[in-house]
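A short write-up of the structure that comes next.
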Amino acid sequence: MGTVLGEMRNVPWHELQHAYGSASQVPGMLSRIAWGDGPTAEDALSDLGQWIAAPAVFDATVAAVPFLWELAATETVKDRAGVLELLAAILASGHDLHPEWTRAAHDAVVAGRPTVARLAADASSAEAEAHARARAQARQQAVRDAAVRLLAAIDGHICAACPPRAL
């Protein structure tokens, strides 16, 4: 696909609706999530959530979900957890008057299951690596502590069987 959100220009956003009208502003919000700093991304996620997920889903929601999955999978996105939370909110939302939007939005979220499974596995691997590093550091610290104690014992060693050592 090339660049993050590269296919976004192919969506007729101006023909789609969100909670407050035309979805023509959705690409700007997705871009702020993709490239904004932490606070900018969080604000954009909050606004986008109000537009496409709470209290209902819309046709713009269906169009936005594949881009949200793309953002969730992009390591440089500052608030990937927030993107995943928005996807969860979409899955929990619906639209009473447009059940077809509900189904399509939910299907789009479910279609990203391989991505979220990989992210969950990555998190488990990262946690396992962190624990392994912590255990290795603890082992290294234990070795250092034992070495310091042994060094002190060697330096202070005095017994009848051993000749005195010059320090």
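Smallest separation of non-hydrogen atoms from Gly49 and Leu86: CA-CD1, 3.5 Å. When all heavy atoms are compared, the tightest approach of Thr74 to Glu70 is OG1-O, 2.7 Å. Among all heavy-atom pairs drawn from Ala44 and Arg32, the shortest one is CB-CB, 3.8 Å. The nearest pair of heavy atoms linking Ala41 to Gly36 is CB-O, 4.4 Å. The two residues Met29 and Leu48 make their nearest non-hydrogen contact at CB-CD1, 4.2 Å.
For the pair Met8 and Ser31, the minimum side-chain heavy-atom distance is below 4.5 Å. Looking only at side-chain heavy atoms (C-beta outward), Leu91 and Val110 come within less than 4.5 Å of each other.
Residues passing the side-chain hydrogen bond (donor to acceptor under 3.5 Å, both in side chains) test with Gln25 are His18, sequence neighbours excluded. With sequence neighbours excluded, the residues forming a side-chain contact (heavy atoms from CB on, under 4.5 Å) with Leu84 are Trp69, Ala72, Leu87, Val116, Leu119, listed by chain and number. For Thr115, there are no side-chain hydrogen bond (donor to acceptor under 3.5 Å, both in side chains) partners, not counting sequence neighbours. With sequence neighbours excluded, the residues satisfying side-chain contact (heavy atoms from CB on, under 4.5 Å) with Val11 are Trp13, Leu16, Ala63, Phe67. Scored by the ring pair (Phe, Tyr, Trp, His ring centres under 6.0 Å) test, His95 finds Phe58, His98, Trp101 as partners (sequence neighbours excluded). Annotation: side-chain contact (heavy atoms from CB on, under 4.5 Å) contacts of Ser22 (sequence neighbours excluded): Ser24. Applying the side-chain hydrogen bond (donor to acceptor under 3.5 Å, both in side chains) criterion to Thr40, with sequence neighbours excluded, gives Asp37.
Every pair passing salt bridge (Lys or Arg N to Asp or Glu O under 4.0 Å) that includes a residue from residues 90-104 is listed here, sequence neighbours excluded: Arg103-Asp107. Pairs passing the side-chain hydrogen bond (donor to acceptor under 3.5 Å, both in side chains) check and including a residue from residues 42-65, sequence neighbours excluded, do not occur.
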Practice prompt. Dump the intermediate steps for side-chain contact (heavy atoms from CB on, under 4.5 Å) on Leu68 and Ile52, then the final yes or no.
Written response: CA-CA 12 Å; Leu68 291 170; Ile52 68 169; 4.2 Å; yes
Item to complete: Run the numbers on Leu71 and Asp79 for side-chain contact (heavy atoms from CB on, under 4.5 Å), then give the verdict.
Response: CA-CA 9 Å; Leu71 294 173; Asp79 193 3; over 6 Å; no
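No chain of hydrophobic side-chain contacts below 4.5 Å, direct or via other Ile, Leu, Val, Met, Phe, Trp or Tyr residues, connects Val62 to Ile33.
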